[in-house]
Amino acid sequence: MTTSTSDLKALPESSVPAAFDRGHLYSPTLDLTQHALDDRYDYDYRPGDLYEPMPPAPRGDGKAFAFWARNTAGMTVPDFLGLRVGDEVTIQHVTGTGPGKVIETQRRGAVVRYPMPEGASRPYVEMYVRRRNDSGHWYP
């Protein structure tokens with residue numbers, strides 16, 4: 001998926017809700033969408049085509065969290081904020097930016113596989129990306 005500069009300011013058509021915060025694109029949870037309904041906030045929000053905002057993760061109860069992670073956050077979706085399986089993206093990671101490929105999309109984010117530097121113990125790693133910055137790079 002190649003993103004032009006003008007596309008960085010548009011909310012994508014997506015299965016999950018989309019929002020901007022200071023130029024960063026993300027999918028808000030239910031508790032964060034309250035700002036979309038409050039006139040005091042300048043909040044750019046688009047409902048998901050297939051899914052409502054995800055409820056926040058339960059805290060303090062390991063079994064409830066595991067159930068939420070597996071059955072709510074881990075649900076496979078057709079796309080995450082417009083990213084689809086097979087899309088090529090630029091990711092922001094600890095050592096800079098680099099290419100990656102979307103290998104799975106879930107309600108909680110997209111799983112991206114990216115190459116490791118030569119000499120690393122394995123040829124690639126995978127990480128969830130949940131946000132895109134104003135330069136078009138995806139990050140956790």
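These numbers come from the heavy atoms of this one structure, side chains and all, not from hydrogens, waters or symmetry mates. Just so you know, these numbers come straight off a predicted model, no measurement behind them.
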*Asks:* For the residue pair Pro58 and Phe65, what are the closest heavy atoms and their distance?
*Replies:*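 Closest heavy-atom pair between Pro58 and Phe65: O-CD1, 3.7 Å.
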
*Asks:* Do you see a donor-acceptor pair shorter than 3.5 Å between the side chains of Ser14 and Asp79?
*Replies:*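 Yes, because at least one side-chain N or O of Ser14 sits under 3.5 Å from a partner of the opposite role on Asp79.
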
*Asks:* For residues Val85 and Val89: do they belong to one hydrophobic cluster (side chain heavy atoms under 4.5 Å, members Ile, Leu, Val, Met, Phe, Trp, Tyr)?
*Replies:*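 No: no chain of side-chain contacts under 4.5 Å links Val85 to Val89.
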
*Asks:* So Pro78 and Arg84, do their side chains get closer than 4.5 Å, heavy atoms only?
*Replies:*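 Yes, their side chains come closer than 4.5 Å.
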
*Asks:* Calculate, to the nearest 0.5 Å, the distance between atoms OH and OG belonging to Tyr51 and Ser27 respectively.
*Replies:*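 With rounding to 0.5 Å, OH (Tyr51) is 12.0 Å from OG (Ser27).
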
*Asks:* Mind checking whether Trp138 and Leu25 have side chains closer than 4.5 Å, heavy atoms only?
*Replies:*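 When only atoms from C-beta onward are counted, Leu25 and Trp138 do touch, with a gap below 4.5 Å.
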
*Asks:* I want to check something: taking the side chain as every heavy atom from C-beta on, are Val112 and Lys101 in contact at a cut-off of under 4.5 Å?
*Replies:*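 Contact flag for Val112/Lys101 side chains = no.
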
*Asks:* Does a donor on one side chain and an acceptor on the other come within less than 3.5 Å for Arg108 and Tyr128?
*Replies:*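 On atom types as modelled, these side chains qualify, holding a pair under 3.5 Å.
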
*Asks:* Counting only N and O atoms by type, is there a donor-acceptor contact under 3.5 Å from the side chain of Thr105 to the main-chain atoms of Val77?
*Replies:*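 Answer holds: yes.
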
*Asks:* Working to the nearest 0.5 angstrom, can you tell me the gap between Ile103 CD1 and Arg113 CZ?
*Replies:*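 Ile103 atom CD1 to Arg113 atom CZ measures 4.0 Å (nearest 0.5 Å).
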
*Asks:* Do Val129 and Phe80 come close enough that some side-chain heavy atom pair is under 4.5 Å?
*Replies:*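 No, too far: nothing below the 4.5 Å cut-off.
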
*Asks:* Given side chains that start at C-beta, do those of Ile91 and Thr97 come closer than 4.5 Å, heavy atoms only?
*Replies:*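 No. Closest side-chain heavy atoms not under 4.5 Å.
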
*Asks:* Could you tell me whether the side chain of Arg131 and the main chain of Pro140 form a donor-acceptor pair under 3.5 Å?
*Replies:*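 Such a contact is found between Arg131 side chain and Pro140 backbone.
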
*Asks:* Check whether more than 12 heavy atoms from other residues, nucleotides or ligands sit under 6.0 Å from atom CD of Glu126, and answer yes or no.
*Replies:*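 Counting other residues, nucleotides and ligands, CD of Glu126 exceeds 12 neighbours.
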
*Asks:* With a 3.5 Å distance limit and no angle check, can you tell me whether Asn71 reaches the backbone of Phe67 through a side-chain donor-acceptor pair?
*Replies:*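 Side chain of Asn71 to backbone of Phe67, a donor-acceptor pair under 3.5 Å: yes, one is there.
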
*Asks:* Do Tyr139 and His93 have ring centroids that are under 6.0 Å from one another?
*Replies:*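 Between Tyr139 and His93, which both carry aromatic rings, the centre distance is not below 6.0 Å.
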
*Asks:* When clusters are formed by joining ILVMFWY residues with side-chain heavy atoms under 4.5 Å apart, either directly or through shared neighbours, do Trp68 and Leu30 land in the same one?
*Replies:*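 No, because Trp68 and Leu30 fall into different hydrophobic clusters, even though each may have its own neighbours under 4.5 Å.
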
*Asks:* At what distance, to the nearest 0.5 angstrom, does CG of Leu81 lie from CZ of Arg46?
*Replies:*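 If I round to the nearest 0.5 Å, the distance is 10.5 Å.
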
*Asks:* Is the shortest heavy-atom distance from the side chain of Pro17 to the side chain of Pro28 under 4.5 Å?
*Replies:*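 Yes, side chains in contact.
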
*Asks:* Begin with the C-alpha distance, continue with both residues' side-chain angles, and end with the deciding distance and a verdict on side-chain contact (heavy atoms from CB on, under 4.5 Å) for Asn133 and Gln92.
*Replies:* CA-CA 9 Å; Asn133 65 24; Gln92 180 83 41; 3.9 Å; yes

*Asks:* For the CE atom of Met75 and the CZ atom of Arg70, what is their distance to the nearest 0.5 Å?
*Replies:*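 Atom-to-atom, Met75:CE and Arg70:CZ are 12.5 Å apart.
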
*Asks:* What do the steps show when you test Arg132 against Tyr26 for side-chain contact (heavy atoms from CB on, under 4.5 Å), and what is the final call?
*Replies:* CA-CA 7 Å; Arg132 187 189 69 211; Tyr26 70 104; over 6 Å; no

*Asks:* Could you tell me if the side chain of Met116 sits less than 4.5 Å from the side chain of Val125, heavy atoms only?
*Replies:*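 Side-chain contact under 4.5 Å: yes.
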
*Asks:* If we only count heavy atoms from C-beta on, is the Thr33 to Glu52 side-chain gap below 4.5 Å?
*Replies:*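 They are not in contact (no side-chain heavy atoms under 4.5 Å apart), so the answer is no.
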
*Asks:* Check the pair Met54, Thr72 against side-chain contact (heavy atoms from CB on, under 4.5 Å), reporting the backbone distance first and the verdict last.
*Replies:* CA-CA 7 Å; Met54 192 167 53; Thr72 302; 3.6 Å; yes

*Asks:* To the nearest 0.5 Å, how far apart are NE2 in His24 and NE2 in His137?
*Replies:*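 Answer rounded to 0.5 Å: 11.0 Å.
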
*Asks:* Is there a continuous path of hydrophobic side-chain contacts, each under 4.5 Å between heavy atoms, that joins Leu83 to Leu11?
*Replies:*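 Result: yes, single cluster for both.
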
